[in-house]
*Asks:* 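Below are the structure tokens for one structure; questions will follow.
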Amino acid sequence: MWALLQGQPEFTRKGGGIFCPQTGQEADQIFMKVLITPRSYGKSNPDLFTQLEGLGFEIVRNDTGAILSEEAMCEKIADCEALILGVDPCNANVLAHAPKLKAIARYGVGLDNVDVAECERRGIALTRTVGANSNAVADFAFALMLAVARKVVQIDGRCRNKDWGKETGIDIFGRTLGIIGLGAVGKCVAKRAAGFDMKILAYDPYMDRDFAEKYGIQQASVDEICASCDVITLHCLLNEETRNLINKDRLALMKKDAILINTARGELVDEAALLEALEAKRIYGAGLDVFCAEPPSDERWYSLANVVLGSHTSSSTAGTTNCMGQMCVDALKKAFAG
């Protein structure tokens, strides 16, 4: 980023070095490093890496193919001035191993993996890609609802074995949907549910009453949603108040044909209690894109027929990853320009 700090034109890569296309000037070294942890970053748009290099960054990649461990984060971030962060840990210990760090561009919206107080104390700029993935996550949440209700995975598996036997599912159209967290993603889910003629109940501590009135959404408590809704979908932030929000008691409130959807954070659900409910078929099923540990270590998840699993992939569309990636580049450019 020294091109910005020096007020010079942006640089780009040429062969193994860096040069300015306007002046032909070559740089002896790159003064800034950026660690990029999200595996989908730049996957469908390599120009995002070119833009970072043009700003004077040397790119440090997550080459593990998985979410980085705390130990790996500490090692990779040591010499970095900037961080484009996925869901990898960025706690006080990681930040302590990053004495040069000036800016974090969160590739997503949740900050539960970031020590925000420590960032504030050190003056580290912290941004999020708010709104970039709302429609993609809402689409995936609805895809999970339909897949669980209509047993799409089981039907596909049988067909691949040339078994044309029938699987009887349950309806989504006209049912009652409970949305826990009526923020950007929750609102997108509500818009889709309106097209399915669903009755909508929602819980949010900061309820947008104008939006609720427009879409005929009834405000309800979490317990009321668990007891009365056919589908419950989670779109709230993770904090100490929402951790294990869906626990054994609330699972016991749910209908026998209820479906639970989680595309937010795994820790919102007591996984042991949910596994028990699914095994006993006390609820109809679940669609889960997030877990407390990814992949989950409990082998029971992989054999249950009434759960559809996702690999934390709800926002992974070409359009969304491009948008989030560009927002991260723009955020770092702005942060280092002052």
Side-chain angles (χ1 to χ4, degrees), residues 32-43 49 52 57-129 133 234 236-245 262-272 288-299 301-302 309-316 321 324-325 327-328 331-332 335:
M32 295 283 184
K33 288 185 178 181
V34 56
L35 170 61
I36 302 175
T37 71
R39 291 157 289 173
S40 64
Y41 187 90
K43 200 170 185 179
F49 295 107
L52 288 169
F57 278 115
E58 177 182 354
I59 294 167
V60 180
R61 297 177 185 253
N62 174 3
D63 53 6
T64 67
I67 297 169
L68 292 176
S69 66
E70 183 175 331
E71 182 181 5
M73 282 290 294
C74 291
E75 179 183 344
K76 288 181 174 293
I77 204 172
D79 294 326
C80 293
E81 286 81 4
L83 169 64
I84 295 177
L85 179 68
V87 296
D88 321 76
C90 189
N91 55 26
N93 181 44
V94 171
L95 291 171
H97 284 77
K100 298 180 180 179
L101 193 65
K102 300 293 189 299
I104 299 172
R106 173 72 174 87
Y107 186 78
V109 295
L111 294 175
D112 50 278
N113 59 325
V114 182
D115 191 325
V116 177
E118 181 63 10
C119 289
E120 291 177 350
R121 189 189 70 80
R122 285 181 47 185
I124 297 171
L126 177 61
T127 61
R128 304 182 295 157
T129 55
N133 66 352
L234 307 180
C236 52
L237 295 174
L238 174 65
N239 53 45
E240 289 311 307
E241 292 181 1
T242 60
R243 190 178 302 276
N244 286 334
L245 183 75
N262 188 9
T263 57
R265 285 291 184 271
E267 293 87 348
L268 296 173
V269 178
D270 181 337
E271 290 184 348
L288 308 172
D289 188 46
V290 287
F291 295 86
C292 296
E294 297 175 358
S297 58
D298 195 315
E299 291 296 324
W301 288 117
Y302 306 105
L309 309 179
S311 56
H312 209 134
T313 193
S314 62
S315 63
S316 297
T321 55
M324 291 196 300
M327 288 174 75
C328 288
L332 293 185

*Asks:* Compare every heavy atom of V290 with every heavy atom of E294, then report the nearest pair and how far apart it is.
*Replies:*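 Between these two residues, the closest heavy atoms are OE2-CA, 3.4 Å.
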*Asks:* Side chain to side chain contact (heavy atoms under 4.5 Å, CB included) between V114 and I124: does it pass, once the steps are laid out?
*Replies:* CA-CA 12 Å; V114 182; I124 297 171; over 6 Å; no
*Asks:* For residues 93-112, which residue pairs pass the ring pair (Phe, Tyr, Trp, His ring centres under 6.0 Å) check, not counting sequence neighbours?
*Replies:* Y41-Y107
*Asks:* Going from CD on E70 to SG on C90, what distance comes out if it is rounded to the nearest 0.5 angstrom?
*Replies:*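 It comes to 10.0 Å.
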*Asks:* Quick test of your reading: applying ring pair (Phe, Tyr, Trp, His ring centres under 6.0 Å), list the pairs with at least one residue in residues 59-82, sequence neighbours left out, ordered by first then second residue.
*Replies:* none
*Asks:* Within a strict 4.5 Å, meaning less than it, do heavy atoms of the I36 and L52 side chains meet?
*Replies:* yes
*Asks:* Return each pair, listed once, that meets salt bridge (charged side-chain N to carboxylate O under 4.0 Å, His left out) where at least one residue sits in residues 85-107; pairs must be two or more places apart or across chains.
*Replies:* none
*Asks:* Would you list the atom pairs, donor with acceptor, under 3.5 Å between side chains in residues 74-83 and any protein atom, with sequence neighbours excluded?
*Replies:*
| residue | atom | partner | partner atom | Å |
| --- | --- | --- | --- | --- |
| K76 | NZ | R61 | O | 3.4 |
| K76 | NZ | D63 | OD1 | 3.3 |
| E81 | OE1 | K33 | N | 2.8 |

*Asks:* Filter on salt bridge (charged side-chain N to carboxylate O under 4.0 Å, His left out), then keep only pairs touching residues 112-124, sequence neighbours left out; what's left?
*Replies:* D112-R265, E118-R121
*Asks:* Side chain to side chain donor-acceptor pair (under 3.5 Å) with E299: which residues, sequence neighbours excluded?
*Replies:* none
*Asks:* Over all heavy atoms of both residues, which pair between P38 and G86 is shortest? Give the atoms and the distance, please.
*Replies:*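 Heavy atoms only, the tightest pair is CG-N, 3.6 Å.
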*Asks:* Using every non-hydrogen atom in the two residues, find where P296 and Y302 come nearest and quote the distance to one decimal.
*Replies:*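 That closest heavy-atom pairing would be O-OH, 2.6 Å.
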*Asks:* Of all the heavy-atom pairs spanning A335 and A125, show the shortest one and how long it is.
*Replies:* CB-CB, 4.3 Å
*Asks:* My understanding is that only residues two or more places apart in sequence, or in another chain, count here; which of them pass side chain to side chain contact (heavy atoms under 4.5 Å, CB included) with C292?
*Replies:* E267, E271
*Asks:* How far does CG of L268 sit from CG of L288, to the nearest 0.5 angstrom?
*Replies:*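 The distance works out to 11.0 Å.
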*Asks:* Mind checking what makes side chain to side chain donor-acceptor pair (under 3.5 Å) contact with T129, not counting sequence neighbours?
*Replies:* none
*Asks:* By side chain to side chain contact (heavy atoms under 4.5 Å, CB included), which residues pair with P99, not counting sequence neighbours?
*Replies:*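 None.
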*Asks:* Can you list the residues that meet the side chain to side chain donor-acceptor pair (under 3.5 Å) rule with T64, with sequence neighbours excluded?
*Replies:*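 T64 satisfies side chain to side chain donor-acceptor pair (under 3.5 Å) with N62 once adjacent residues are dropped.
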*Asks:* Starting at CG of L238, measure out to CG of L111 and round the result to the nearest 0.5 Å.
*Replies:*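 Spacing of CG (L238) from CG (L111) equals 11.0 Å.
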*Asks:* Mind checking whether M73 and L35 have side chains closer than 4.5 Å, heavy atoms only?
*Replies:* yes
*Asks:* For T321 and K43: C-alpha separation, side-chain torsions, deciding distance, then whether side chain to side chain contact (heavy atoms under 4.5 Å, CB included) applies.
*Replies:* CA-CA 8 Å; T321 55; K43 200 170 185 179; 5.9 Å; no
*Asks:* Do I84 and L332 touch side chain to side chain, with heavy atoms closer than 4.5 Å?
*Replies:* yes
*Asks:* Among residues at least two apart in sequence or on other chains, which ones pass side chain to side chain donor-acceptor pair (under 3.5 Å) with N262?
*Replies:*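 Residues passing side chain to side chain donor-acceptor pair (under 3.5 Å) with N262: none at all.
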*Asks:* Would you say V94 and L68 make side-chain contact, with heavy atoms under 4.5 Å?
*Replies:*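 Sidechains of L68 and V94: no contact.
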*Asks:* Test of understanding: with side chain to side chain contact (heavy atoms under 4.5 Å, CB included), list the residues that count as partners of T313, not counting sequence neighbours.
*Replies:* F140, D289, S311, S316
*Asks:* When you compare the side chain of L85 with that of N113, does any pair of heavy atoms fall below 4.5 Å?
*Replies:*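 With C-beta onward as the side chain, the pair touches.
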